[in-house]
Amino acid sequence: MQTTFLRVVTEAGAATVPAEAQFIIGRARTADYVIADSRVSRRHLLLEQAGSGWVVRDISSNGTWIDGQRMPESVPVHDEVRLRLGTPTGPEVVVHPEFPQGRGPIDEPAYDPGYDMQTMLPNAAGYSPPRPTSGRGSRGHQGPTSPAQRGRDYDDYDDRRRGERSSGSTSLEQEHERRTTYRLRQGTMSIGRARDNDIVITDLLASRRHAELYIGRSGLQIADLDSANGVFVNGRRINRTEVGQGDVIAVGHHVFQLEGDQLVEYIDSGDVSFEADALNVWAGQKQLMHDMTFKLPGRALLGVVGPSGAGKSTLLNALTGFRPADKGTVRYAGRDLYSEYDELRRRIGYVPQEDLLHTSLTVRKALEYGAELRFPPDVTKAERRTRVDEVLAELGLTQHANTQVSRLSGGQRKRTSVALELLTRPTLLYLDEPTSGLDPGMDKNVMESLRKLADDGRTVIVVTHSVAQLDLCDYILVLAPGGYVAYFGPPQDALTFFGKRDYPDVFLNLEATPGAESAARFRNSRYYVPASITAPSARPAPEELPSLRQQSVASQLVTLSRRTMAVVASDKSYLRLIIAFPFLLGLIPRAIGGNFDLTAEQAKQFSPNSDGPTILLIMVLCACFMGMANSVREIVKERAIYRRERAIGLSRTAYIGSKVLVLIVITVAQSIPFTLIGLAGRTPKAGLILGNSLLEMLIAVIVVSLASAMLGLVISALVDNADKTMPLLVLITMAQLIFSGGIVPVKGTAGLEQVSYIAPARWGFASMSSIADMNRITLAGVLRPDNHKPINPKVVVDPFYNHTASAYLTDIVAGAVIGILFIIFTSLLIRRMDPKTVKRAPAAPVSGPPR
């Protein structure tokens, strides 16, 4: 009997498999026939002989279809068999047996399992090596090992796959690339980024000296060497613990597993599955999301669309872990994202709708500051710069590296926001409305960039209102109002399923149809592919996550302060304004004549000096306005940036501290010319403490300006829109006029006196009045010259205006304390902006909202 071969034909080419060979078709680079379509599993089909004929075995996670029906685990090949991979409309593969002398019009050499299909006799007549069937980008193909070894690998894989179908687990070898095996030896072995470690981690998220292994007769232990990003064993951060057989150690993107006396290294290449399983979200008694279920293979681009109110933002929050679902599970590489969030959150990149950029910086500067905050402190400047250059090249931004962000086009600016996230090589990338406000050309440019990112080894999920470029996605998820799945599958089948010509008609139909009805229609259609059932994790979610912090607070403080100063220096119009501000404001009190002493005529007639308090009142109001104007937009303009950086490890203390430090520098620099212009030559001759009244007046101006700047931070943290700061700035400045005591006496006025204690103007006016002896010059004629007590007992003398060192120091200290209290209050307010990732919401009952 003549030996038969098996012929494999796709739209991209053909190949022949010889007898007694095992042949893998899949998306993985190591497959014998590579089909680079995200609907295809890494190893999808196994072709092999069984008895006297051939069989096709489905070893995929996505499934295989014959005539619209899901095929069983194996199908004999007696004649031509047409298969669809991944979905009923996925890439088609035709297999049929043939004899060597009857191969058909393509005279192709028989397949030798010892050679790579893509390099075997490339000049053979008519031979076309396998290419990606979807045009989504070709992946390099690596030749297999020896035939005997490959056969063992396939047998092992098939056994593992059968085990996974029954147990629901996902092996590291299936979801990660195997790199190196390290043989353990007695004693200590080091792990880290430095080249002299026993196990070298080529990942900038790893510290130079990250961890140590202790190998003794009693077994293996691992200890974290105070690394920036921590060591994880089976998804839990550890300081020091024992490691058993099969335990998984994670350092950055590298994963190790103990197998016998060897440590096997795997790396998360991004080619891993992602699954949402029955996600439900409630807001009080209202259910926002209903049984959201879908599964993605690795390197897939998913577009999430739907009418307003369909729950797109709710879904994004659930998938990122920013607001975990009340019920259901998100799995990455078979691992529960919620219960192992402390480790897996380092693999998540998130680009919100707002740009995460300081627009006055250049692209390179913005990325360099981002890298400085994201990487461990022992990463050198050269290493950070190299990584920035890599990201710029990957996103086509190299030519714009020295361009100010404000001068970029909308699409380039969005790609720069994506570049910030790519610095740490995330394998899960989420984007919220990245094409919002862009013209059609920029829309296409951004979506093509996301397509390339997915092809290069990431799972990309994009929430969008734009439907023009959905054909670039591997899958689309259409949501119905109420958070229901109305469709999930390839974009080319969506309009056919809905029976509409375009997506606006689809959305109008969804809005007019109850969400539950739309979901039921999809589940009962032939387009519905049930996601593989995976056993839920038994590990409880942690109540609180440890802090994620790559840099120390002091290091972050320095970096953030430098960045804020760079932002100020690079914004030329704002820089000119803050330089001109003190000179212009200083002219206002200078325009008022007079000084702070009684003339001979006034002293003779016991007449008060009315110019002195007016000068001081204008000085205080200008100082308050100048301080608040410096800070009133500092936090609100960076809300999106703060939220994202907080999620990746930004210290709240460092953030607020950097604002305070920069404001101190700017405010002190402004106060000096402002005070000199407004008061030089008109202050009392003698000081109270320093012997120089002008210097003491300068200190008082600095204190009131800084306290007002801290009050501006409170306003900035309180509002959610920068446009709301200006009315509040004017309102509070006018309130300072009343609380200062310069117009209406506050001493002895119930209510007004108590409220005035928290007003910077109160203590600024009091400290300056103490230097000028305001009680004497304004109450001349009503005070006894011997003891400065009022002749009329109804006249109130403010003790904070007394011309004494103790009164002056009290006023200065009180002003400083008020400023510190405003800083604390700002810290409390800014907590509201923190991403809600530290606690998972309680599990909800199946039939109703969480109690």
Side-chain angles (χ1 to χ4, degrees), residues 355-375 377 379 381 384-385 388 401-407 416 420 423 550-583 626-642 644-646 648-674 702 705-717 722 725 819 822-823 826-827 830:
D355 288 327
L356 302 174
L357 304 165
H358 292 92
T359 56
S360 61
L361 296 178
T362 64
V363 172
R364 180 179 296 282
K365 277 294 183 183
L367 294 182
E368 285 179 349
Y369 283 119
E372 200 167 340
L373 288 172
R374 284 163 170 78
F375 291 133
V379 174
K381 184 176 181 180
R384 292 196 300 267
R385 190 176 183 86
V388 167
N402 297 316
T403 304
Q404 203 171 35
V405 173
S406 61
R407 297 182 179 178
T416 305
L420 272 174
L423 289 170
Q550 285 81 7
Q551 304 280 348
S552 67
V553 174
S555 180
Q556 287 187 358
L557 178 63
V558 172
T559 300
L560 292 169
S561 299
R562 287 174 41 239
R563 184 176 70 179
T564 303
M565 290 299 293
V567 169
V568 172
S570 59
D571 190 342
K572 303 303 181 185
S573 59
Y574 178 68
L575 184 63
R576 287 192 290 268
L577 180 63
I578 62 175
I579 291 175
F581 224 31
F583 295 94
M626 184 170 64
M628 284 193 292
N630 288 336
S631 62
V632 75
R633 295 170 60 91
E634 276 300 300
I635 295 175
V636 67
K637 71 180 182 181
E638 296 181 349
R639 285 176 67 91
I641 298 174
Y642 171 80
R644 181 59 194 138
E645 291 182 344
R646 179 71 176 151
I648 56 95
L650 179 67
S651 162
R652 190 187 306 111
T653 300
Y655 180 76
I656 296 176
S658 68
K659 297 299 182 186
V660 172
L661 284 180
V662 172
L663 286 172
I664 288 175
V665 172
I666 293 175
T667 304
V668 170
Q670 289 178 324
S671 298
I672 294 173
F674 169 69
I702 290 174
S705 299
L706 285 176
S708 298
M710 301 309 112
L711 178 56
L713 287 181
V714 172
I715 298 172
S716 193
T725 59
F822 286 146
I823 295 172
T826 300
S827 179
I830 209 173

Sequence-distant partners of T725, side-chain contact (heavy atoms from CB on, under 4.5 Å), two or more places apart: V632, R633, V636, V719
Applying side-chain contact (heavy atoms from CB on, under 4.5 Å), run through L560 and L373 and close with a yes or a no. CA-CA 8 Å; L560 292 169; L373 288 172; 3.9 Å; yes
To the closest 0.5 Å, what do you measure between CD1 (I830) and CD1 (I635)? 4.5 Å
Could you pull out all residues at least two apart from E634 that satisfy side-chain hydrogen bond (donor to acceptor under 3.5 Å, both in side chains)? K637, K659
Using salt bridge (charged side-chain N to carboxylate O under 4.0 Å, His left out) as the criterion, list what pairs up with R364, not counting sequence neighbours. D389
By ring pair (Phe, Tyr, Trp, His ring centres under 6.0 Å), which residues pair with Y655, not counting sequence neighbours? Y642
V558: partners by side-chain contact (heavy atoms from CB on, under 4.5 Å), with sequence neighbours left out: R562
Hey, could you give me each pair passing side-chain hydrogen bond (donor to acceptor under 3.5 Å, both in side chains) that has a residue in residues 661-672? Not counting sequence neighbours. N630-Q670
According to side-chain contact (heavy atoms from CB on, under 4.5 Å), who are the partners of A566, at least two apart in sequence or on a separate chain? L361, Y369
Closest heavy-atom pair, V553 versus S651, reported as atoms and distance to 0.1 Å, is CG2-OG, 3.7 Å
With heavy-atom distances below 4.5 Å as the criterion, would you say the side chains of L423 and F375 are in contact? yes
I need the minimum non-hydrogen distance between V388 and A371, along with the two atoms involved. CG2-CB, 4.3 Å
Once side-chain contact (heavy atoms from CB on, under 4.5 Å) is applied, do any residues pair with V363, and if so which ones, sequence neighbours excluded? L367, L392, V405, L408, T416
What residues, two or more places apart in sequence or in another chain, satisfy salt bridge (charged side-chain N to carboxylate O under 4.0 Å, His left out) together with R385? E368
How far does CD1 of I672 sit from CD1 of I702, to the nearest 0.5 angstrom? 6.0 Å
Can you pull the salt bridge (charged side-chain N to carboxylate O under 4.0 Å, His left out) pairs that have at least one residue in residues 572-581, sequence neighbours excluded? none
Tabulate below the donor-acceptor pairs under 3.5 Å that side-chain atoms of residues 706-714 make, not counting sequence neighbours, or state none.
| from | atom 1 | to | atom 2 | distance (Å) |
| --- | --- | --- | --- | --- |
| S708 | OG | V704 | O | 2.8 |

Interatomic spacing from CG in L663 to OG in S631 - rounded to 0.5 Å: 5.5 Å
How about D571 and L575: do any of their side-chain heavy atoms sit closer than 4.5 Å? no
Under the side-chain hydrogen bond (donor to acceptor under 3.5 Å, both in side chains) test, residues paired with S360 that sit two or more places apart: S570
Tell me if a side-chain donor or acceptor on Q556 pairs with a main-chain N or O of A654 at a distance below 3.5 Å. no
Straight-line distance of L557 CG to L661 CG, nearest 0.5 Å: 5.0 Å
